[in-house]
Amino acid sequence: MIVMIDDIIQRMSAEQLAEYLRSIPSENIKRIEIISNPGLNMKHKALAES
């Protein structure tokens, strides 16, 4: 799955994402946005950065 955290696009599994989110204090999270069908631009950036 492709995830953007702090403006950095990353690839991680759902399990890795869940663990990462559990590790963050809730007061440090401003917003969580789920994009179920990311555009090609985001997919290309993720591939280029991996």
Side-chain angles (χ1 to χ4, degrees):
M1 120 180 8
I2 300 170
V3 180
M4 181 182 282
I5 300 172
D6 294 330
D7 295 325
I8 299 171
I9 297 173
Q10 305 178 46
R11 289 183 149 290
M12 61 176 64
S13 69
E15 187 174 301
Q16 289 171 319
L17 177 58
E19 186 61 35
Y20 176 75
L21 291 174
R22 281 189 212 102
S23 74
I24 302 171
S26 60
E27 60 270 5
N28 291 352
I29 300 173
K30 288 189 232 175
R31 176 179 76 192
I32 295 176
E33 185 174 339
I34 298 171
I35 303 171
S36 59
N37 190 10
L40 286 177
N41 192 28
M42 183 178 274
K43 288 180 184 179
H44 287 294
K45 283 183 182 179
L47 290 173
E49 293 177 6
S50 59

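Heavy atoms only: backbone and side chains are in, while hydrogens, waters and symmetry mates are out.
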Side chain proximity check, Q10 to I5, heavy atoms < 4.5 angstrom: yes
Taking every non-hydrogen atom, the tightest pair across M4 and I9: CE-CG1, 3.5 Å
Within 6.0 Å of CG in N28, more than 12 heavy atoms from elsewhere: yes
CD-CE distance between E19 and M12, expressed to the nearest 0.5 angstrom: 11.0 Å
Check: S13 main-chain N/O paired with Q16 side-chain donor or acceptor under 3.5 Å: yes
